[in-house]
Protein chains: 2
Amino acid sequence: MSSNDLDTARDRIIEAAGEIFAERGFEATTVRDICQAAAANIAAVNYYFGDKQRLFVETVLTAHRWRMDQAALPNWTADTPPRKKLADFIATFIRRVRTGPKDTWQNRLIMREMMRPDAACAEVVRDSIRPQFEILLGILRALLPEDTSAESLHLTAFSIVGQCLFYHFADPVVRHLVDDIEYAEFSIDKLACHIANFSLAALEYTARHVDAETAT
Amino acid sequence: MSSNDLDTARDRIIEAAGEIFAERGFEATTVRDICQAAAANIAAVNYYFGDKQRLFVETVLTAHRWRMDQAALPNWTADTPPRKKLADFIATFIRRVRTGPKDTWQNRLIMREMMRPDAACAEVVRDSIRPQFEILLGILRALLPEDTSAESLHLTAFSIVGQCLFYHFADPVVRHLVDDIEYAEFSIDKLACHIANFSLAALEYTARHVDAETAT
DNA sequence: TATTGATTGAAACAGTTGTTTGAAACAGAT
DNA sequence: ATCTGTTTCAAACAACTGTTTCAATCAATA
């Protein structure tokens, strides 16, 4: 999003809408606030996007495209070991997801919308989340026995992304649970390293003890 | 919450408000919908609570008190193995957290408000979340080597609760990623079983290979 | 310059929001 | 029955919402 792109009213509206949507959510955001922040007329939203809902969808999709370009997966060769692929995936994923003071409205908006089951969510899942999900499943297939069921594969994938997403969704809670010094030490690299270790350990263990049972 | 408590309009309003607030959030909820669901007059909200905002605060506090009364963790004896404790903890945690038709609005409301750092829910973290967190840390201390650092302990705990919280926060995405048949199979027991297996495997592996390193 | 099409502007629209009003209905005590 | 304080009700309030309208403005082309 170079500064040149902001000279048209349409782009200014998306930029302003993204920040306000990310901060207050869809319902609490008014088109008047958006247009005022974008230095555009009230009618501009309906002129360019039809209605508020479609502006919202367009904003979410724009945010997602932007986010995908920011932190891309490294280029893997044919002989890249799956363990390395998984570590790369986790590091990239947590880099995309982690919020902070320097966080962009694109990230906050996507995260907020993951919990809102509506049209925008469905499109984002189809266009952007599912491809990433399939990449992860491919990595896990190489790390787990061949007869692993699709369901187990999915649950394992959810366990991995769940660990990453936690540091976004529960960030206010994390901030209260550990002291400030330790919180400051939670760098992206450290979190990614821990999650990769934790998950790889679980995978290597279960890969040997197929059909592990819960302690009872 | 016996049916006797719903006699007064005030209690009916809190009950209805809790369900709608938990589902749609504060902004998207109208006092008209609340009063209609509570079979009360429009003026009742302002009569009993002053305004919509104070009704909301009262509802969150009520949900918090209700959740505190739910003694969900089973009674452990001195010789209950830590593995069993961890499995119990995970099952209880995911049962509290999981969103679904059978879930209570009290849980969903607390979960929703957990991500508002500015709200007065910092005390909810202090009164309700931290004690649970300390319980989990105690279990993990028994499962990990004694020289495990506090930071590693915390990261491990976050990995576990992160897996559980995922199914709450990312539920709409999960619904789109797997087909309906598989989604219907994601019972609370199955999810809890998987997360316990995954986490115990990771713990048992790292307990042997202290200071595991990321594959590079 | 005149014309065309795209964009902007201020005002108004119809509907909904949270809130208030004042009278009616109620219950219990004198 | 009368008085008291509490609770309910329908109606209306003022403010705000997303959206529409239509004239004004602008840029480029013939």
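Chain letters run A, B, ... following the sequence lines, proteins first, then strands; residues in each count from 1. What you see below is based on every heavy atom in this structure, not just the backbone, and it leaves out hydrogens, waters and symmetry mates.
Residues satisfying the side-chain contact (heavy atoms from CB on, under 4.5 Å) test with A:Pro131, not counting sequence neighbours, are none. Not counting sequence neighbours, the partners of B:Glu19 by the side-chain contact (heavy atoms from CB on, under 4.5 Å) test are B:Glu15, B:Trp105.
Per the geometry, CG belonging to A:Leu55 stands 15 Å off C1' belonging to D:dT17, to the nearest Å. As rounded to whole Å, 11 Å separates atom C1' of D:dA12 from atom CZ of B:Arg32. Put simply, CG on B:Asp51 is 14 Å from P on C:dT21, counting in whole angstrom units. Separating the CG atom of A:Asp11 from the C1' atom of C:dT7 is a distance of 15 Å, rounded to the nearest angstrom. Rounded to whole angstrom, the span from the CZ atom of B:Phe49 across to the C1' atom of C:dG18 amounts to 15 Å. As rounded to whole Å, 14 Å separates atom P of D:dT19 from atom CZ of A:Phe56.
Listed by residue number, A:Ile42, A:Ala43, A:Asn46 are the residues of residues 33-47 of chain A with a heavy-atom contact under 4.0 Å to DNA chain D.
Comparing the helix axis at one end of the helix from C:dT1-D:dA30 to C:dT30-D:dA1 with that at the other, each defined from 5 consecutive pairs, gives an inter-axis angle of 20° (nearest 10°).
The salt bridge (charged side-chain N to carboxylate O under 4.0 Å, His left out) contacts involving residues 40-49 of chain A comprise nothing, where partners must be two or more places apart or lie in separate chains. Annotation: salt bridge (charged side-chain N to carboxylate O under 4.0 Å, His left out) contacts involving residues 41-50 of chain A, sequence neighbours excluded, are absent.
A donor-acceptor contact closer than 3.5 angstrom is absent between the side chains of A:Arg10 and A:Tyr48. A side-chain donor-acceptor contact under 3.5 Å links A:Thr80 and A:Thr77. Counted by atom type alone, B:Ser149 and B:Ser152 present one or more donor-acceptor pairs between their side chains at under 3.5 Å.
In this structure, A:Tyr48 reaches the sugar-phosphate backbone alone: every heavy-atom distance under 4.0 Å involves primed, P, OP1 or OP2 atoms, never a base.
Side-chain proximity of A:Lys52 to the nucleotides C:dT7, D:dT19, C:dT17 is greatest for D:dT19. The side chain of B:Ala9 lies closest to D:dT8, out of C:dT19, D:dT8, D:dT19.
Between A:Phe198 and B:Phe158, a ring centre-to-centre spacing not shorter than 6.0 Å is recorded. Ring pair A:Phe166/B:Phe166: centre-to-centre distance not below 6.0 Å.
Residue B:Arg10 is the one, among B:Arg10 and A:Phe26, whose nearest nucleotide of DNA chain D lies closer to the 5' end (criterion: closest heavy atom).
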